[in-house]
Chemist: 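Got a structure for you, written out below as structure tokens; questions coming shortly.
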Protein chains: 2
Amino acid sequence: MGSNLKDVAALAGVSVKTVSNVVNGYVHVSATTRERVQAAIDELGYRPNATARSLRSGRSGVLALAVPELGVPYFAELASLVVDAAATHGYTVLIDQTAGAKDRELVVLGGIRHHLVDGVLFSPLALGVAELRRRTDATPMVLLGERGLRGPTDHVGIDNIRAARQATRHLAERGCRRIAAIGVQSVGTGATARQRYAGYRKGLADAGLELDPALVLPAPRFHRAEGYAAMATLLELPDPPDGVFCFNDLLALGALRCLHTRGVPVPEQVALIGFDDAEEGSYATPSLSTIAPDKAAIATTAVELLLSRIRAGEPPDRPRRLTAGYALVARESSAR
Amino acid sequence: MGSNLKDVAALAGVSVKTVSNVVNGYVHVSATTRERVQAAIDELGYRPNATARSLRSGRSGVLALAVPELGVPYFAELASLVVDAAATHGYTVLIDQTAGAKDRELVVLGGIRHHLVDGVLFSPLALGVAELRRRTDATPMVLLGERGLRGPTDHVGIDNIRAARQATRHLAERGCRRIAAIGVQSVGTGATARQRYAGYRKGLADAGLELDPALVLPAPRFHRAEGYAAMATLLELPDPPDGVFCFNDLLALGALRCLHTRGVPVPEQVALIGFDDAEEGSYATPSLSTIAPDKAAIATTAVELLLSRIRAGEPPDRPRRLTAGYALVARESSAR
DNA sequence: TTGAAAGCGCTAACAC
DNA sequence: GTGTTAGCGCTTTCAA
């Protein structure tokens, strides 16, 4: 245990360089030498020291992924896909949870384990373009999430506004006339909520419906409990909605449970659509209609973009903004 | 960008050691010196190189967490808690997904990014005591999951057998006489399924019920789809069950959806209990009864045990096996 | 309180 | 095809 190249070299009676060649699969090593070195490696149980290797080569083979919280299925699924995509390229992923808190997102901008991480994938919630612009850390970074964040940073996401507009129109096409939105967030924070809200308004306009402020409810964290509470509020309105667009599936699932509890039939009396396509939604009763972003495409595209930036070794002259696809998946919760 | 201690030292007109002292918050540095050094650090935008620091100190501040897949809520929640617990101690977590595949679990045993990782938290599915015993990597490792894995490795988990027994008895106490089990796995693989099955049989015995092999269904991966399929099989039996113990919540949620689809009232005709306490279950209709392991305790205990092993710096003379608590949470799916 | 210098384990340039 | 050696950026004796 704890042996190094020198130990192996000594045991095999060769130089350090030769051992290094064998370890790294360098071709020009004679078969006998290779065998002898391999024997020494096995005998000593030698493992290359990744830290020393990184220091020397300037590459660690580690990416960082910063998300609000893995407890939210969307981020868990995304993380899962990112980890697999990175593994495909021989990279490992280090996870950072920000809870969507501004101070913790700023820490991510400042740099995580400087030089221990070759690149960063970041899904910010609270940060805006201004903060992004102020970043000085030179580690390559790719943002995950909404398209249209007009910052200086590389970016992979779907067209949120268009998707939200389509979701809203979908409800209108199913005969909904009073369509609520759950998930609006206070100004200054995340682009996600703002963009989905913008899409919602456009969708209403497309259908010739008026925006009723009473039908627009906030939800700072996109959790089930907030969806439940917001739905309860909506049901107490003198003129409750007949359709609800929730800004993510968790909110929709919470709303759905609230509707069940109050005995409101879905989709007959209230139709529902979510966003994210959490697997959970397809097993709910009724199954949940949703916007399904192509998460696999987001993950692989982002990883590959990041790796290309790492390989280039220099800051991009202009940011790349890549768009992944999505689909509207109509299920039982809006079938009417 | 890309400045190092030497650059800072030169600019501040002090030695490298002094800069290092300032960076590391060493107390015996005069106020003026500290100020001057800090100014130089700010001017150059200096960030300590974590890799170099690790190589020198032998500590990276990185833990690895190896789980089957983050797409499964239990592992996502656990990962979330582990990441937070590690952060409390200044550690970052690197994620590895094994898919529960033996070959990939063996890779974890072999060592992930040797020396770049101070310790490993591992939730194996396929590996048994034999493989664990053969491990030669000296990196401290703590197993997450089932108690009673009588291997040579440190371990934190709940008493699965007792919990499963209690879940089964719970259904019997609610009047169920034909209690099925979904989630059995073929011999040789994971302790989890085996232990929950053992608990199931004990629970049946406690209630004076016979084991009916037709009511015991396999599920290799503990996913929703498998729960759905298994439930469908059970409903086609000439004498279908009146209660089902699913070895995790995902299986139970799949089963629940199947029951809904077939119009079988839950819990009146078939009562259901799961395992893991995924938040999803408490928002299902009917809400899902479950065994709720104290995941936060598992995460913090495991991280602290691992850190203590890292600090000790030597292999443990004997493995520690720590047990976290759990609770049976009775909800609507078994309320009768 | 601060400085000088060695060395963590590896890779890569250069020699032979 | 193989060996020698410098040095990645840092911490850490040891001196001063």
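Note on naming: letters A, B, ... go to the chains in the order of the sequence lines (proteins, then strands), and numbering restarts at 1 for each one.
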Chemist: What is the bend of the helix from C/dT1-D/dA16 to C/dC16-D/dG1 when you compare the axis at one end with the axis at the other, using five pairs each and rounding to 10°?
Modeler: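 Answer rounded to 10°: the end axes differ by 30°.
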Chemist: Report, one line per pair, each donor and acceptor closer than 3.5 Å where one atom sits in a side chain of residues 104-113 of chain B; sequence neighbours left out.
Modeler:
from   : atom 1 : to     : atom 2 : distance (Å)
B/R104 : NH2    : B/Q97  : O      : 2.6
B/E105 : OE1    : B/L125 : N      : 3.2
B/E105 : OE1    : B/A126 : N      : 2.9
B/E105 : OE1    : B/L127 : N      : 3.0
B/E105 : OE2    : B/L125 : N      : 2.6
B/E105 : OE2    : B/A126 : N      : 3.4
B/R113 : NE     : A/T92  : OG1    : 2.7
B/R113 : NH1    : A/S60  : O      : 3.3
B/R113 : NH2    : A/G61  : O      : 3.3
B/R113 : NH2    : A/G90  : O      : 2.7
B/R113 : NH2    : A/T92  : OG1    : 3.0

Chemist: Could you list the residues that satisfy side chain to side chain contact (heavy atoms under 4.5 Å, CB included) with A/S30, not counting sequence neighbours?
Modeler: A/T32, A/T33
Chemist: Please find the earliest and latest nucleotides of DNA chain C, in the 5' to 3' direction, that have an atom within less than 4.0 Å of any heavy atom of chain B.
Modeler: C/dT1 to C/dG9
Chemist: Run the salt bridge (Lys or Arg N to Asp or Glu O under 4.0 Å) test against A/R221 and tell me which residues pass, sequence neighbours left out.
Modeler: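 Residues passing salt bridge (Lys or Arg N to Asp or Glu O under 4.0 Å) with A/R221: A/E69.
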Chemist: Round to a whole Å and report the spacing from NZ of B/K6 to C1' of D/dG9.
Modeler: 9 Å
Chemist: Could you check whether B/S15 and B/T18, counting side-chain N and O atoms only, form a donor-acceptor pair closer than 3.5 Å?
Modeler: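 The criterion, which ignores hydrogens and geometry beyond distance, is satisfied for B/S15 and B/T18.
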Chemist: Establish, with yes or no, whether the OP1 or OP2 oxygen of D/dT2 is under 4.0 angstrom from a side-chain nitrogen or oxygen of A/T33.
Modeler: yes
Chemist: Between D/dG9 and B/N4, is there an OP1 or OP2 to side-chain N/O distance shorter than 4.0 Å?
Modeler: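 For D/dG9, OP1/OP2 do have a side-chain N/O of B/N4 under 4.0 Å.
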Chemist: Taking atom C1' of D/dG9 as reference, at what distance in whole Å does atom CG of B/D7 sit?
Modeler: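 Answer to the nearest Å: 10 Å.
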Chemist: Let me know the distance between CZ of A/R113 and P of D/dC10, rounded to the nearest Å.
Modeler: 15 Å
Chemist: Using a 4.0 Å heavy-atom cut-off to protein, can you give one letter per nucleotide of nucleotides 11-16 of chain D, 5' to 3': B if the base is in contact, S if only the sugar-phosphate is, - if neither?
Modeler: BBB---
Chemist: Going from CD1 on A/I158 to NZ on A/K295, what distance comes out if it is rounded to the nearest 0.5 angstrom?
Modeler: 10.5 Å
Chemist: The criterion is side chain to side chain contact (heavy atoms under 4.5 Å, CB included); which residues satisfy it with A/A79, sequence neighbours excluded?
Modeler: A/L65, A/L70, A/I95, B/L70
Chemist: Go through the structure and list residues passing salt bridge (Lys or Arg N to Asp or Glu O under 4.0 Å) with A/E131, not counting sequence neighbours.
Modeler: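 For A/E131 the salt bridge (Lys or Arg N to Asp or Glu O under 4.0 Å) partners, ignoring immediate neighbours, are A/K102.
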Chemist: Output yes when at least one side-chain N/O atom of A/S30 is less than 4.0 Å from OP1 or OP2 of D/dT2, else no.
Modeler: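 For A/S30, the contact criterion (side-chain N or O under 4.0 Å from OP1 or OP2 of D/dT2) is met.
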Chemist: Applying salt bridge (Lys or Arg N to Asp or Glu O under 4.0 Å), name anything that partners B/D84, two or more places apart in sequence or on another chain.
Modeler: none
Chemist: Taking side chain to side chain donor-acceptor pair (under 3.5 Å) as the test, write out the residues that go with A/D317, two or more places apart.
Modeler: none
Chemist: What residues form a side chain to side chain donor-acceptor pair (under 3.5 Å) with A/D154, not counting sequence neighbours?
Modeler: A/R309
Chemist: Under the side chain to side chain donor-acceptor pair (under 3.5 Å) test, which residues partner B/T300, sequence neighbours left out?
Modeler: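 Listed in chain order: nothing, the list is empty.
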